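Since the structure comes first, as structure tokens, the remarks are kept for the end.
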There are 2 protein chains.
Amino acid sequence: MESRIDRIKKQLHGASYKLTPQREATVRVLLENEEDHLSAEDVYLLVKEKAPEIGLATVYRTLELLTELKIVDKINFGDGVSRYDLRQEGAAHFHHHLVCIECGAVDEIQEDLLDDVEAVVEKRWNFTVKDHRLTFHGICWRCNERHANEDEQ
Amino acid sequence: MESRIDRIKKQLHGASYKLTPQREATVRVLLENEEDHLSAEDVYLLVKEKAPEIGLATVYRTLELLTELKIVDKINFGDGVSRYDLRQEGAAHFHHHLVCIECGAVDEIQEDLLDDVEAVVEKRWNFTVKDHRLTFHGICWRCNERHANEDEQ
DNA sequence: TTACTAAATTAGAATAATTATAAAATGATT
DNA sequence: AATCATTTTATAATTATTCTAATTTAGTAA
């Protein structure tokens with residue numbers, strides 16, 4: 001955890017930015033909630049617990065900065081809010097998401113799975129892929145299991 | 001074109017909605033700009049040319065309705081706006097997009113390409129896929145060709 | 001230390017997209 | 001023609017995000 005912060009600090013310095021206390025608090029919140037998909041507002045409220053004097057605009061600016069540096073990814077699941085998701089360290093590409101249309105849960109897929117598809121896109125459309133966004137909508141394993149149990153009875 | 005409108009009319013009736021003049025004008029705009037990715041505001045301005053008395057809220061409501069009926073899909077490319085995209089007739093799944101990070105162009109891929117990936121997701125994550133969103137970010141064929149020409153000189 | 005400078009932050013205002021509300025219009029049905 | 005549900009309009013309200021001006025902070029050089 002601390003080493004992860006250190007590495008992010010170095011990334012910032014490398015782009016000649018500082019890891020200010022506000023930025024550090026924001027990054028810590030993201031690390032501590034890595035499996036969630038927080039909106040800017042969510043992050044703001046959590047950061048306030050550590051650093052009550054922080055302003056919402058600062059959170060927005062920090063998240064934007066982290067997005068630029070590819071430390072986090074900004075995603076949008078169709079509700080009106082942008083959500084922010086830490087990238088796996090060293091990951092070249094953004095991971096995928098499974099959104100459950102029954103319970104609303106969002107699971108992550110770290111595997112890439114798209115190598116073949118990207119090869120086709122590059123060749124057939126002469127499109128140089130730099131990144132991707134892939135989200136599946138459907139029924140998650142929890143709901144599927146629940147249905148299976150209900151049927152048993 | 002007319003037959004396409006007729007079929008949409010039937011879809012609406014099937015869900016006990018009417019194809020009011022405002023709704024028809026909105027659908028026509030979507031059909032006439034099928035290759036674009038219009039925002040609600042864009043649609044509003046175009047519909048106003050046909051039906052100047054229409055209100056913005058009606059356009060929003062109509063687009064929401066068409067989204068529910070899976071006639072259009074609502075997408076979000078990361079700028080603050082939702083965009084609306086007609087589904088291919090009979091398409092079970094949403095088509096994919098290629099967003100150029102240089103010129104901003106958005107191209108569509110109608111082929112599915114994801115059959116294999118979906119099979120893996122269903123099996124490995126026990127996730128029942130109902131739909132998907134796939135967008136590639138990168139450099140489009142136009143920009144790639146331009147670069148190739150520039151290098152020649 | 002002190003002064004200077006650039007970068008960062010704050011609070012609050014401003015903007016932009018979207019949704020909600022109440023009144024009016026439409027259209028079908030009895 | 002009266003009634004009822006649906007739809008639309010115009011406008012207000014809400015929400016997310018960005019901008020602005022004033023202030024603070026950190027780092028550097030005198």
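Proteins get letters first, then strands, A, B, ... in listed order; numbering begins at 1 in each. Side chains are part of it too, since the values below use all heavy atoms of this structure and drop only hydrogens, waters and symmetry mates. Since the model is a prediction, treat every value here as computed from it, not as a measurement.
In the hydrophobic clustering of ILVMFWY residues, with side-chain heavy atoms under 4.5 Å counting as a link, B:Leu31 and B:Ile54 come out together. In this structure, A:Leu114 is a member of the same hydrophobic cluster as A:Val121, with clusters built from ILVMFWY side-chain heavy atoms closer than 4.5 Å.
Among the protein residues, B:Glu41 comes within range of no part of the nucleic acid, since none of its heavy atoms lies under 4.0 Å from any strand. Within the 4.0 angstrom heavy-atom criterion, base atoms lie near A:Leu56. Among the atoms of the strands shown, only primed sugar atoms or phosphate atoms (P, OP1, OP2) are found under 4.0 Å from some heavy atom of B:Thr20. Contact annotation for A:Arg23: backbone-only contact, meaning every heavy-atom pair under 4.0 Å involves sugar-phosphate atoms and none involves a base.
Note that A:Arg87 lies outside the cation-pi zone of A:Phe94, set by a 6.0 Å cut-off to the ring centre and a 45° limit from the axis.
The OH atom of B:Tyr60 sits 15 Å away from the P atom of D:dT9 (whole-angstrom rounding). At whole-Å resolution of the value, CG in A:Asn76 and C1' in D:dT17 are 13 Å apart. Spacing between atom CG of A:Leu65 and atom C1' of C:dA8 amounts to 11 Å, rounded to whole angstrom units. Rounded to whole angstrom, the span from the CG atom of B:Leu12 across to the C1' atom of C:dG27 amounts to 16 Å. In this structure, the CG atom of B:Asp79 is 14 Å from the C1' atom of D:dA16, given to the nearest Å. Atoms CD (B:Glu53) and P (C:dA25) sit 14 Å apart, rounded to a whole Å. One atom, CD1 of B:Ile54, and another, C1' of D:dT7, lie 11 Å apart when rounded to the nearest Å. Summarising the geometry, the separation between CG on A:Leu19 and C1' on D:dA26 is reported as 13 Å, rounded to the nearest angstrom.
Aromatic pair B:Tyr84/B:His37: centroids not less than 6.0 angstrom apart.
Between A:Arg61 and the phosphate of D:dT18, there is no side-chain N or O to OP1/OP2 separation shorter than 4.0 Å. Between B:Gln22 and D:dT9 there is a side-chain polar atom (N or O) within less than 4.0 angstrom of OP1 or OP2.
Mapping B:Gly80 and A:Val59 onto DNA chain C by nearest heavy atom places A:Val59 at the nucleotide closer to the 5' end. Comparing B:Tyr17 and B:Ala57 along DNA chain D, the residue whose closest nucleotide (by nearest heavy atom) sits nearer the 5' end is B:Tyr17. Residue whose closest nucleotide on DNA chain C sits further toward the 5' end, between B:Ser82 and B:Pro21: B:Ser82.
Atom NZ of A:Lys9 has 12 or fewer neighbouring heavy atoms from other residues, nucleotides or ligands inside a 6.0 Å radius.
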